[in-house]
Amino acid sequence: AIVDADGQRVSSNEGVSNVTVGVVKGGSMANMFNGCENMTECDLAGLNTGMSNSMYMFFKGCASLEQLNVSQFDTSSVTNMDSMFSGCVALKQLNLGSFDTSQVSNMDHMFEDCQSATAIDISSFDTNAAMDMEGMFANCYELLSIDCNILKTGKADSMARMFQNCRSLTSLNANVLKTPNVTDMSFMFAGCENLTVLDLIDLDVTDVTNMESMFEGCTRVKQLVLTE
């Protein structure tokens with residue numbers, strides 16, 4: 001299957017197994033490969049993303065992809081990465097160390113259901129503009145670490161399900177998260193069954209109205225610090 005120079009998208013094409021992308025320019029690239037569940041290879045060398053403002057559901061449901069090279073992506077104009085990699089259940093690693101996310105306001109469900117990923121490199125992320133982070137890492141069953149120092153969350157209003165079912169995490173420095181505008185923390189750490197210590201002493205919960213099942217299923221937590 002070929003995505004042509006006019007920007008025709010491969011979307012919800014369950015039979016696609018191999019994709020070669022020609023030179024594509026355009027504004028929105030939302031849903032570009034959404035539902036390509038049998039796609040095992042994706043050559044993105046010719047993809048010009050510099051003018052794209054949306055990568056909403058870009059690779060959502062690409063359940064057969066085990067590796068993905070997006071190092072050449074220019075994401076400096078992108079504002080929406082909601083569900084970008086959601087449902088990429090076979091990906092083992094994801095290197096986003098070159099991503100410019102300084103304009104991104106929506107990161108809801110960005111990595112949700114990346115069930116096999118042991119490492120996601122977000123070292124270059126600038127999340128100062130991010131307002132939506134709900135379910136960002138939800139159901140990342142095998143993810144071994146998340147450095148919350150990278151996540152600048154001062155504008156975020158929801159962190160519901162943000163780390164839900166990250167069941168391989170043994171520690172999480174969530175105390176560094178800035179949450180002055182967050183109103184929803186429901187299920188935020190639910191299902192993090194291997195966390196043993198959770199220090200949230202600096203978490204601002206002043207405006208939080210929903211903490212439903214926030215720690216549900218955290219069966220191995222021995223120390224939970226909420227106040228001084």
Side-chain angles (χ1 to χ4, degrees), residues 1-13 16-37 39-133 135-137 140 143 146-147 150-152:
I2 298 176
V3 181
D4 64 25
D6 294 325
Q8 182 178 348
R9 314 299 196 242
V10 176
S11 181
S12 298
N13 190 336
V16 171
S17 61
N18 186 294
V19 170
T20 300
V21 180
V23 178
V24 179
K25 298 180 181 179
S28 176
M29 290 184 172
N31 295 295
M32 192 163 186
F33 301 104
N34 185 5
C36 294
E37 62 182 34
M39 182 171 66
T40 57
E41 298 179 32
C42 192
D43 181 359
L44 301 170
L47 190 62
N48 182 349
T49 61
M51 297 177 64
S52 177
N53 56 21
S54 177
M55 290 186 171
Y56 172 64
M57 293 190 180
F58 196 96
F59 296 107
K60 181 177 172 63
C62 292
S64 299
L65 275 179
E66 293 187 9
Q67 54 186 346
L68 186 62
N69 183 2
V70 291
S71 60
Q72 80 283 9
F73 273 27
D74 179 353
T75 57
S76 56
S77 298
V78 178
T79 60
N80 190 351
M81 290 185 175
D82 183 346
S83 303
M84 185 173 178
F85 302 99
S86 177
C88 292
V89 297
L91 277 179
K92 301 292 194 298
Q93 295 185 337
L94 191 54
N95 184 354
L96 306 181
S98 61
F99 265 35
D100 179 349
T101 61
S102 58
Q103 303 300 315
V104 180
S105 59
N106 192 343
M107 291 183 171
D108 278 351
H109 317 289
M110 188 172 179
F111 307 109
E112 185 168 1
D113 292 319
C114 288
Q115 297 175 4
S116 301
T118 59
I120 300 175
D121 182 357
I122 57 170
S123 58
S124 69
F125 273 31
D126 176 350
T127 60
N128 282 295
M131 294 184 286
D132 304 303
M133 290 182 160
M136 187 173 178
F137 299 98
C140 289
L143 196 58
I146 301 170
D147 185 0
I150 296 167
L151 301 173
K152 308 304 179 187

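Residue numbers start at 1 and run along the sequence shown. Side chains are part of it too, since the values below use all heavy atoms of this structure and drop only hydrogens, waters and symmetry mates.
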Inset, instruction - Could you list the residues that satisfy side chain to side chain donor-acceptor pair (under 3.5 Å) with Ser123, not counting sequence neighbours? - result: Asp121

Inset, instruction - Please collect all salt bridge (charged side-chain N to carboxylate O under 4.0 Å, His left out) contacts where either partner lies in residues 50-76, sequence neighbours excluded, each pair once. - result: none

Inset, instruction - Mind listing the closest non-hydrogen atom pair of Cys140 and Ile120 along with its distance? - result: SG-CD1, 4.5 Å

Inset, instruction - Begin from the C-alpha positions of Lys92 and Ser116 and carry the test side chain to side chain contact (heavy atoms under 4.5 Å, CB included) through to its verdict. - result: CA-CA 5 Å; Lys92 301 292 194 298; Ser116 301; 4.2 Å; yes

Inset, instruction - Could you pull out the closest heavy-atom pair between Phe59 and Cys42, with the gap in Å? - result: CE2-SG, 4.5 Å

Inset, instruction - Sequence neighbours left out, what passes side-chain contact (heavy atoms from CB on, under 4.5 Å) with Ser77? Give chain and number order. - result: none

Pairs of donor and acceptor atoms involving the side chains of residues 124-132, under 3.5 Å and at least two apart or interchain, shall be tabulated with distances.
residue: Ser124; atom: OG; partner: Leu96; partner atom: O; Å: 3.2
residue: Ser124; atom: OG; partner: Gly97; partner atom: O; Å: 3.0
residue: Ser124; atom: OG; partner: Phe99; partner atom: N; Å: 3.3
residue: Ser124; atom: OG; partner: Phe99; partner atom: O; Å: 2.7
residue: Asp126; atom: OD1; partner: Asn128; partner atom: N; Å: 3.1
residue: Asp126; atom: OD1; partner: Asn128; partner atom: ND2; Å: 2.8
residue: Thr127; atom: OG1; partner: Lys152; partner atom: N; Å: 2.5
residue: Thr127; atom: OG1; partner: Lys152; partner atom: O; Å: 2.9

Inset, instruction - Could you tell me which non-hydrogen atom of Ile146 sits nearest to which non-hydrogen atom of Phe137, and how far apart they are? - result: CD1-CG, 3.8 Å

Legend entry - From CD (Gln67) to CG (Leu65), nearest 0.5 Å: 9.0 Å

Legend entry - Any side-chain heavy-atom pair of Tyr56 and Asn106 under 4.5 Å: no

Inset, instruction - Quick one: do Leu68 and Leu44 satisfy side chain to side chain contact (heavy atoms under 4.5 Å, CB included)? Show the steps, please. - result: CA-CA 9 Å; Leu68 186 62; Leu44 301 170; 4.2 Å; yes

Legend entry - Ser71: side chain to side chain donor-acceptor pair (under 3.5 Å) partners, not counting sequence neighbours: Asn69

Legend entry - Enclosure of Gln72 CD (heavy-atom neighbours >12, cutoff 6.0 Å): yes

Legend entry - Side chain proximity check, Phe111 to Leu94, heavy atoms < 4.5 angstrom: yes

Inset, instruction - Of all the heavy-atom pairs spanning Met29 and Phe58, show the shortest one and how long it is. - result: O-CD1, 3.4 Å

Inset, instruction - For residues Ile122 and Ile150, report the shortest heavy-atom separation together with the two atoms involved. - result: O-CG2, 3.3 Å

Inset, instruction - Enter the distance from Met39:CE to Glu41:CD here, rounded to the nearest 0.5 Å. - result: 10.5 Å

Inset, instruction - Write down the atom of Leu151, the atom of Met136, and the distance for their closest heavy-atom approach. - result: CD2-CE, 4.3 Å

Only pairs under 3.5 Å count here: list side-chain donor-acceptor contacts from residues 79-86, not counting sequence neighbours, and write none if there are none.
residue: Thr79; atom: OG1; partner: Asn53; partner atom: O; Å: 3.1
residue: Asn80; atom: OD1; partner: Asp82; partner atom: N; Å: 2.9
residue: Ser86; atom: OG; partner: Glu112; partner atom: O; Å: 3.3

Legend entry - Min side-chain heavy-atom separation Thr75-Val104 under 4.5 Å: no

